[in-house]
Participant: 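Starting off with a structure, shown below.
Only heavy atoms go into these numbers, but all of them, side chains included; no hydrogens, no water, no symmetry mates. Chain A is the first sequence line, chain B the second, and so forth, proteins listed ahead of strands; every chain is numbered from 1.
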Amino acid sequence: MPELPEVETTRRMIAPYLEGQTLKSLVYDPSSRYQNLDLALGKKVKRLERRGKYLIAIFEGDKLELIVHLGMTGGFRFEGSSHTRVTVTTEQGTLYFQDSRRFGKWIVVAAGDYSSMPTLHGMGPEPLSSDFDLADFVDAASSCGTVKPWLLSQKPVAGLGNIYVDEALFLAKIHPQSVRLSKEQATKLHAAIIQVLTRAVEVGGSTLSDKTYQQLDGQTGYFQLEHRVYAREGQPCVVCGTPLEKIWLGGRGTHFCSSCQVLGA
DNA sequence: CAAAATGTTCCTGA
DNA sequence: CTCAGGAACATTTT
């Protein structure tokens, strides 16, 4: 499920159950994906933050943090199921973390110690904050390798995954295999990233056909209705009508319009 | 049955 | 040291 809009929507919906609350119990599968969780028992959550696709619960005293990554299929619900991997209880109630593919990760660390998570440690600026500086982005893009894997690395900017990279590149009219972006291209891409993520957060993220990503009560997101290229291969481009293409790039399915997004343009 | 699925990390080789 | 590519991780769905 999880790219920035889905993780941010998740943060907002579970925050009332965690912020200002003491963790009364944490029950989790025996797995190395859930580490040091007992250190958080009895601790009170001060704030629930988000960095890229990571949720970070900061405890009172600022000594410990609980980092949660949703992986590919992780999400929170009011009801448990056969896919429940972690169960959290506070005074506000119980939340069930479902994760069918088990790529999600929970770990309690010393505050700010992200040494065991290189991607979080090297995370680029938050795209929906003033940290996402245009001049810095243009400069970095001028020497980037293939643009799609570069964006997926989380280093130039935090929080983009396969869906929103394809959508942002389409809006900016940049071919996903482009190498080294002009100032003009990078400027358009910077704006496209902000545009697509802002809109996706507004409508609660994307719920794909597998329904993995839902709100606590089963409510879906709605941004999938506004996808312009993702999972639309063969359908007409919303701008020019050309059938959209799907190629394999860096191990990921990649959707684009061969007419609007021209290599070397 | 084979392939693909929203992500991160580790390894290898340049 | 950095970058790119590929495999691994675990499971479900098409």
Participant: Could you please name the option among B:dT9, B:dG7, B:dA4 that lies closest to any side-chain atom of A:P2?
Facilitator: B:dG7
Participant: In whole angstrom, what separates A:K148's NZ from C:dC3's C1'?
Facilitator: 19 Å
Participant: Rounding to a whole Å, what distance do you find between A:E233:CD and B:dA5:C1'?
Facilitator: 12 Å
Participant: Hey, which of these two, A:R101 or A:K105, hits DNA chain B nearer its 5' end, going by closest nucleotide?
Facilitator: A:R101
Participant: Please measure how far the P atom in C:dT13 lies from the corresponding atom in B:dT8, and state the result in whole Å.
Facilitator: 23 Å
Participant: Does a nitrogen or oxygen in the side chain of A:H83 sit under 4.0 Å from OP1 or OP2 of C:dT11?
Facilitator: no
Participant: Checking all strands, does A:G161 fall into the base, sugar-phosphate, or nothing category for heavy-atom contacts under 4.0 angstrom?
Facilitator: sugar-phosphate
Participant: For the side chain of A:Y54, counting heavy atoms from C-beta on, which of B:dA4, B:dG7, B:dT8 is nearest?
Facilitator: B:dT8
Participant: Under 4.0 Å, counting only non-hydrogen atoms across every strand here, what does A:Y230 touch: a base, just sugar-phosphate, or nothing?
Facilitator: sugar-phosphate
Participant: Picking from B:dA5, B:dT9, C:dA10, which would you name as closest to the side chain of A:P118?
Facilitator: B:dT9
Participant: Can you measure from CG (A:L66) to CG (A:L37) and round to the nearest 0.5 angstrom?
Facilitator: 6.5 Å
Participant: Without decimals, in angstroms, what is the distance between A:I163 CD1 and B:dG7 P?
Facilitator: 7 Å
Participant: Any chance you could lay out the side-chain contact (heavy atoms from CB on, under 4.5 Å) test for A:L169 and A:F256, step after step, and finish with the verdict?
Facilitator: CA-CA 8 Å; A:L169 288 171; A:F256 69 104; over 6 Å; no
Participant: Looking at B:dG7, C:dT12, B:dA5, which one has an atom nearest to any side-chain atom of A:F103?
Facilitator: B:dG7
Participant: Between C:dC9, B:dA5, B:dT8, spot the one nearest the side chain of A:R33, thanks.
Facilitator: C:dC9
Participant: Write down the distance between CH2 (A:W106) and C1' (B:dT8), rounded to a whole number of angstrom.
Facilitator: 18 Å
Participant: Is there a donor N/O on one and an acceptor N/O on the other, under 3.5 Å, for the side chain of A:R102 and the base of C:dA10?
Facilitator: no
Participant: More than 12 foreign heavy atoms under 6.0 Å from CD of A:E79: is that the case here?
Facilitator: no
Participant: May I ask you to verify if any side-chain N or O of A:K246 is less than 4.0 angstrom from the OP1 or OP2 atom of B:dA5?
Facilitator: yes
Participant: How close or far is atom C1' of B:dT9 from atom CE of A:M117, stated in whole angstroms?
Facilitator: 12 Å
Participant: To the nearest Å, give me how far apart CG (A:L151) and C1' (C:dA4) are.
Facilitator: 15 Å
Participant: NA contact type, A:W248, heavy-atom cut-off 4.0 Å: base, sugar-phosphate, or nothing?
Facilitator: sugar-phosphate
Participant: Step by step, work out the salt bridge (charged side-chain N to carboxylate O under 4.0 Å, His left out) result for A:R228 and A:D166.
Facilitator: CA-CA 9 Å; A:R228 293 164 172 87; A:D166 283 4; over 6 Å; no
Participant: Round to the nearest Å and state the distance from A:M72 atom CE to C:dA10 atom C1'.
Facilitator: 10 Å
Participant: Could you tell me whether a side-chain N or O of A:S100 sits under 3.5 Å from a main-chain N or O of A:H83, the two making a donor and an acceptor?
Facilitator: no
Participant: In whole angstroms, how far is the P atom of B:dA4 from the CD1 atom of A:I247?
Facilitator: 14 Å
Participant: Salt bridge (charged side-chain N to carboxylate O under 4.0 Å, His left out) between A:E49 and A:R11: does it pass, once the steps are laid out?
Facilitator: CA-CA 7 Å; A:E49 301 189 337; A:R11 188 192 68 77; over 6 Å; no
Participant: For C:dT12, give the paired nucleotide (Watson-Crick: N1-N3 plus N6-O4 or O6-N4; G-U: N1-O2 and O6-N3; both under 3.5 Å), or none.
Facilitator: B:dA4
Participant: So does A:R252 get a side-chain nitrogen or oxygen closer than 4.0 Å to the phosphate oxygens (OP1/OP2) of B:dG7?
Facilitator: yes
